[in-house]
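Just so it is clear, the structure is predicted and the values come from calculations on it, not from any experiment. Just so you know, ligand 1 is whichever comes first in the structure, and atom 1 is the first atom listed for that ligand.
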Amino acid sequence: MWGRGISRFTTFASIEKPINPSVKIEHNQLLIDGKFVDAASGKTFPTLDPRTGNVIAQVAEGDAEDINRAVSAARKAFDEGPWPRMTPYIHGLTLPADGSYHVQTLHEPVGVAGQIIPWNFPLVMYGWKIGPALACANTVVLKTAEQTPLSALYVTSLLYEAGLPPGVLNVVSGFGASAGAPLCSHMDVDKIAFTGSTETGQRILEMAAKSNLKSVTLELGGKSPFIVCEDADIDQAAELAHFALFFNQGQCCCAGSRTLVHERVYDEFVEKAKACASKRVVGDPFQKGVQQGPQIDEKQFQKILKYIRSGVESGATLEIGGDRCGSKGYYIQPTIFSNVKDNMLIAQDEIFGPVQTILKYKDLDEVVRRANATQYGLAAGVFTQNLATANFLSRALRVGSVWINCYDVFDAAIPFGGYKMSGQGREKGIYSLSNYLQIKAVVTPLKNPAWL
Ligand code: NAI
Ligand code: MG
């Protein structure tokens with residue numbers, strides 16, 4: 001069974017001979033107070049190419065001392081402000097109150113924001129985090145993920161070239177325990193925004209509570225249901241269910257990782273899902289036409305293979321895939337399990353890889369109960385042509401995003417975040433601003449009001 005079907009992947013050869021991109025890595029230091037500097041300890045750590053496991057850069061490894069330097073720079077920049085807000089649309093209100101008072105609210109920046117991002121979308125997560133923080137005139141210390149430190153350094157260098165005042169946005173590369181934790185525990189950081197695993201999110205809340213009660217927003221894991229109703233357009237549903245799971249090698253917090261299909265269309269759906277997976281082009285992402293590259297690192301790669309073994313051992317039907325692709329790099333075959341039961345590990349845990357699990361259901365009440373029977377509540381897909389069904393499901397599902405007959409629609413205006421253990425707070429758009437604002441009530445007596 002293992003290794004079966006490798007020849008299906010047309011770009012298999014390109015995995016063995018990776019393309020050498022003409023990218024020059026210009027920045028590998030920390031970016032503190034508008035300047036590139038080495039880590040205080042002088043230490044560096046390697047960035048690996050997931051296609052080969054080879055080192056592509058050595059990057060300065062920040063620790064608690066560097067976090068202190070960056071927080072001081074951010075505090076200084078904040079205190080020396082104000083620097084201009086990016087949008088004129090952030091403002092308070094004038095409120096009616098009992099008595100002879102003029103009452104207004106001021107929307108003020110929170111102060112120094114600590115931000116910790118993951119490796120699965122290093123640039124998107126950077127944008128989602130710094131956007132609202134800077135729009136609300138906060139200053140920032142951002143810690144990148146240890147697997148992907150380079151893009152944030154590069155883009156921040158462009159912002160400084162464009163005139164960002166020193167200290168407003170500091171970027172520290174480093175590991176979770178030695179750089180992330182000191183940021184979360186720092187007494188002079190006013191807020192933490194985090195995207196990553198639920199486990200680390202819980203630790204972050206604890207660190208915030210034990211230090212200065214800084215406010216925390218969290219965007220965490222998921223096990224999002226993708227519900228295919230009996231009246232759905234099955235071709236479209238199969239294609240979008242494929243995209244919902246396999247996009248970005250399955251490394252998405254909101255991956256549609258429990259495909260729940262009505263029993264009347266189940267067999268047809270499984271065949272179509274298999275057809276989509278068999279056409280997926282796996283290979284070197286620098287190669288034109290490739291749809292699926294390697295997983296981010298050895299740890300994730302091994303974790304996914306372990307879940308695949310667990311799926312087989314627990315009795316699910318392996319329809320396609322099930323093994324690595326090639327003999328080097330972290331490539332995994334697009335994999336599908338059918339006849340998956342709710343109590344199997346592959347139906348409960350966040351696999352974070354190209355492994356689709358297809359489950360069968362009988363009626364809407366049952367699917368709502370099962371879709372909600374998880375600690376997570378990030379997103380859901382609903383596939384139906386019946387308006388009443390769409391309205392019923394969109395209200396019954398305990399998740400932060402419901403995509404109806406679409407998936408992964410991520411316009412900047414649309415809020416994103418989780419119910420339950422998928423997080424707290426919303427990112428993007430107007431709702432994200434509240435994470436970065438203090439509301440001050442200002443009350444002034446009215447001595448001789450013309451009216452009240
Ligand atoms: P992680 O949550 O440990 O790492 C994400 C970020 O948190 C990184 O920048 C890391 O350095 C930092 N971090 C780790 N420990 C920390 C600590 N004690 N204090 C402060 N910061 C800390 O996730 P990891 O280990 O990379 O992946 C494990 C699993 O988490 C994945 O297999 C996946 O299931 C899930 N995950 C979910 C993501 C999402 O988008 N919601 C993103 C990345 C991972
Ligand atoms: Mg971790």
Novice: Salt bridge or not between Glu206 and Lys210? Use side-chain N to carboxylate O under 4.0 Å.
Specialist: yes

Novice: May I ask you to test the Asp342-Leu359 pair for a side-chain heavy-atom distance under 4.5 Å?
Specialist: yes

Novice: Can you find an N or O of Ile117 that's nearer than 3.5 Å to an N or O of ligand 1?
Specialist: yes

Novice: Check ligand 1 against Ala145 and write out every atom of the ligand that is under 4.0 Å from a heavy-atom position of the residue.
Specialist: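 Matching atoms, with element in brackets: 9 (O).
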
Novice: Considering only heavy atoms of Gln300, which atoms of ligand 1 have at least one such atom less than 4.0 Å away?
Specialist: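 Ligand 1 atoms under the 4.0 Å threshold to Gln300: 27 (O), 28 (C), 31 (C), 32 (O).
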
Novice: Identify the protein heavy atom lying closest to atom 30 (O) of ligand 1, giving its residue, its atom name and the separation to 0.1 Å.
Specialist: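 Result for atom 30 (O) of ligand 1: Ser197 CB, 3.0 Å.
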
Novice: List every atom of ligand 1 that sits less than 4.0 Å from any heavy atom of Lys303, numbering the atoms from 1 in the order shown and giving each element.
Specialist: 29 (C), 31 (C), 32 (O), 33 (C), 34 (O)

Novice: Among all protein non-hydrogen atoms, which one is nearest to atom 7 (O) of ligand 1, and what is the separation to 0.1 Å?
Specialist: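 Checked against all protein heavy atoms, atom 7 (O) of ligand 1 sits closest to Phe194 CE1, 3.1 Å.
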
Novice: In the complex you have, is atom 26 (O) of ligand 1 within reach of the protein, judged by whether a heavy-atom distance drops under 4.0 Å?
Specialist: yes

Novice: Count the heavy atoms belonging to other residues, nucleotides or ligands that lie under 6.0 Å from CZ of Phe36, then report whether that count exceeds 12.
Specialist: yes

Novice: Please state whether Phe121 comes within less than 4.0 angstrom of ligand 1, counting heavy atoms only.
Specialist: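 Checking ligand 1 against Phe121, which is what was asked, there is no heavy-atom contact under 4.0 Å.
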
Novice: Nearest protein heavy atom to atom 13 (N) of ligand 1, by residue and atom, and its distance?
Specialist: Gly176 CA, 3.4 Å

Novice: Nearest to atom 19 (N) of ligand 1 by heavy atom, Met207, Arg203, Lys299: which?
Specialist: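 Nearest option to atom 19 (N) of ligand 1, by heavy atoms: Met207.
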
Novice: Mind checking whether Val282 and Phe246 have side chains closer than 4.5 Å, heavy atoms only?
Specialist: no

Novice: Is the closest N or O pair between Thr195 and ligand 1 shorter than 3.5 Å?
Specialist: no

Novice: Among all protein heavy atoms, pick out the one at the shortest distance from atom 12 (C) of ligand 1; state its residue, atom name and that distance to 0.1 Å.
Specialist: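 In this structure, atom 12 (C) of ligand 1 has Ile116 CG2, 3.8 Å as its nearest protein heavy atom.
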
Novice: Nearest protein heavy atom to atom 44 (C) of ligand 1, by residue and atom, and its distance?
Specialist: Phe352 CE2, 3.8 Å

Novice: Is it true that atom CD of Glu366 has more than 12 heavy atoms of other residues, nucleotides or ligands lying nearer than 6.0 Å?
Specialist: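 Yes, CD of Glu366 has more than 12 neighbouring heavy atoms, counting only those of other groups under 6.0 Å.
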
Novice: Can you find an N or O of Pro118 that's nearer than 3.5 Å to an N or O of ligand 1?
Specialist: no

Novice: What atoms in ligand 1 come closer than 4.0 Å to a heavy atom of Lys143?
Specialist: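 Selected atoms, number and element: 9 (O), 10 (C), 11 (O).
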
Novice: Can you see which heavy atom on Ile414 is nearest to which on Val409, and at what distance?
Specialist: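 Shortest heavy-atom contact: CD1-O, 3.9 Å.
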
Novice: For atom 34 (O) of ligand 1, find the nearest protein heavy atom and state the residue, atom name and distance (0.1 Å precision).
Specialist: Glu350 OE1, 2.7 Å

Novice: How close do Cys276 and Ala238 get, counting heavy atoms only, and between which atoms?
Specialist: SG-O, 4.0 Å

Novice: N/O of Gly196 under 3.5 Å from N/O of ligand 1, yes or no?
Specialist: yes

Novice: Ion pair present between Arg69 and Asp66, side-chain N to carboxylate O less than 4.0 angstrom?
Specialist: yes

Novice: Within a strict 4.5 Å, meaning less than it, do heavy atoms of the Val312 and Phe337 side chains meet?
Specialist: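 Sidechains of Phe337 and Val312: in contact.
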
Novice: Please report which non-hydrogen protein atom sits nearest to atom 39 (C) of ligand 1, along with the residue it belongs to and the distance in Å to one decimal place.
Specialist: Cys253 CB, 3.4 Å

Novice: For atom 16 (C) of ligand 1, which candidate among Thr144, Leu142, Thr200 holds the nearest heavy atom?
Specialist: Thr200

Novice: Search all heavy atoms of Pro334 against all heavy atoms of Gln292 and return the closest pair with its distance.
Specialist: CG-OE1, 3.8 Å

Novice: Is Asp190 salt-bridged to Lys214, going by a charged N under 4.0 Å from an acidic O?
Specialist: no

Novice: Considering only the protein, which heavy-atom contact is closest to atom 11 (O) of ligand 1, and what is its distance?
Specialist: Glu146 OE1, 2.6 Å

Novice: Which value, rounded to the nearest 0.5 Å, describes the distance between Leu30 atom CG and Leu153 atom CG?
Specialist: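 Reported value, rounded in 0.5 Å steps: 7.5 Å.
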
